[in-house]
There are 2 protein chains.
Amino acid sequence: MAVSARRGQPLTIQEIYTAVLRMVGEGGVEGLSMRKLAAELDVNPMSLYHHVESKDALLRGACTAVAQGLALPPDDGTPWQEQLRALAHAYRSIALSHPALWSYVNSHPDLVEQEEGMWVVFNRVLVAAGVPAAELLRIRTVLYTFVSGLLTAEAVGLLAELDPAGDAETTFDAAVDLILDALEARAT
Amino acid sequence: MAVSARRGQPLTIQEIYTAVLRMVGEGGVEGLSMRKLAAELDVNPMSLYHHVESKDALLRGACTAVAQGLALPPDDGTPWQEQLRALAHAYRSIALSHPALWSYVNSHPDLVEQEEGMWVVFNRVLVAAGVPAAELLRIRTVLYTFVSGLLTAEAVGLLAELDPAGDAETTFDAAVDLILDALEARAT
DNA sequence: ACCTGAACACCGTTCAAGT
DNA sequence: ACCTGAACACCGTTCAAGT
């Protein structure tokens, strides 16, 4: 190339993530390549490595960037049932905002564990629900995987295939209700 | 090469699947390549295409081959609770027999839907549990995704990370119990 | 029928070089 | 500092050719 850059501006990580999310949204994670991404950004493939360590780091970064948007329910005095519902819906909305990325998250446990704010709120709500400390970790984990499994099914299209007549959101609500019922039954 | 084949025998699909499962077990699905698989089988990469249409077809075939081993509980008169537990454990044992393949299954809804025998047994048990026909599909789907989510967490190592002190099998049992409780509460 | 080699259009990433 | 080209070691798959 004649001069220094093909484009006016230097690359931004934001700019890179935006392109990643768009491309992943269109072609899935396996449709993303460093070379196509670079082409999309009108840049030499190797320029990307100045902003990102590897393709995996890039995807992980995109995931945590998306996770920033998680709207955790505040610790006002609202009943735990309501707060759990709010947490579940907030999580669903993040997960389904980029369905293709969700499967990537699911197979990278460190990304899930890393979602500290969510775990704190989850703890608080379960304690309010009367879950004893000794069972907190196990119940929290089980309930998380339940919700996570349902979201995966929705993200991947399995929900629609197994229950074509059902509406995904009401199915989600029913599932959360089921979890609430179980917690209430356990409390008594 | 001098003569026709590098090896004595012609290739078998069984032989191919066995090698696939071993390699996937060692290096995950993304560690499998047609070329490495061919090398493992001491064959030219292109020979594989005489037995299999594509890499995706190969993986799908391996998945359904594994799924053959699912030990469905028979329709003897045992209580539905016991049958549901048996179904859950049978499914778990298949899923975790090849943990790396499980994530592949999870992102391919057609593979899950295709598991007809399982859906039939699942139906039977839920009807015995008193689930009304109108809710059968939704409840079955939700419960499936719950179990599937938990198995994914176990297969990928998330379970151990979120609840390090917990034993995976007792966690699984607790989760199934929770589902049984919810079904029983609903029946009354 | 079953296998093969060469070739095509891709990958992620390293490294030395440019401005 | 930021970007680049050439190169390396890989991919899946097609196609014409071998036995």
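Order of the sequence lines fixes the chain letters, A, B, ..., with proteins taken first and strands second; residue numbering starts at 1 for each chain.
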For the pair made of [atom1] in [X] and [atom2] in [N], what is the distance, rounded to whole Å?
X      : N       : atom1 : atom2 : answer
L59(A) : dG12(C) : CG    : P     : 10 Å
L11(B) : dT4(C)  : CG    : C1'   : 13 Å
D42(B) : dC3(C)  : CG    : P     : 12 Å
K36(B) : dC10(D) : NZ    : C1'   : 9 Å
N44(B) : dT19(D) : CG    : C1'   : 14 Å
I16(A) : dC2(D)  : CD1   : P     : 11 Å

What are the two closest heavy atoms between [X] and [Y], and how far apart are they?
X       : Y       : result
L101(A) : C63(A)  : CG-SG, 3.6 Å
A19(B)  : L41(B)  : CB-CD2, 3.9 Å
T145(B) : A153(A) : CG2-CB, 3.4 Å
M34(A)  : V52(A)  : CE-CG1, 4.2 Å

Represent DNA chain C in dot-bracket notation, 5' to 3'. Only Watson-Crick or G-U wobble pairs with both distances under 3.5 Å count; pseudoknot-style crossings use [ ] and interstrand partners use |. ||.|||||...|||||.||

Taking the side chain as every heavy atom from C-beta outward, state whether [X] and [Y] have any pair of such atoms under 4.5 Å apart.
X       : Y       : result
D56(B)  : H108(B) : yes
D181(B) : D181(A) : no
E184(B) : W80(B)  : yes

Answer yes or no: does a side-chain N or O of S33(B) lie under 4.0 Å from OP1 or OP2 of dC11(D)? yes

Does OP1 or OP2 of dT4(D) have a side-chain N or O of H50(A) closer than 4.0 Å? no

Using 30° and 60° as the class boundaries, would you call the ring planes of F172(B) and H89(B) parallel, tilted or perpendicular? perpendicular

Between dA9(D) and dA9(C), how many Å separate the two P atoms, rounded to a whole number? 22 Å

Pairs under 3.5 Å (N/O, protein and nucleotides 13-17 of chain D):
from	atom 1	to	atom 2	distance (Å)
dT13(D)	OP2	Y49(B)	OH	2.7
dT13(D)	OP2	K55(B)	N	3.0
dT13(D)	O5'	Y49(B)	OH	3.4

Can you tell me if Q83(B) uses its side chain to pair, donor with acceptor, with the backbone of D75(B) under 3.5 Å? no

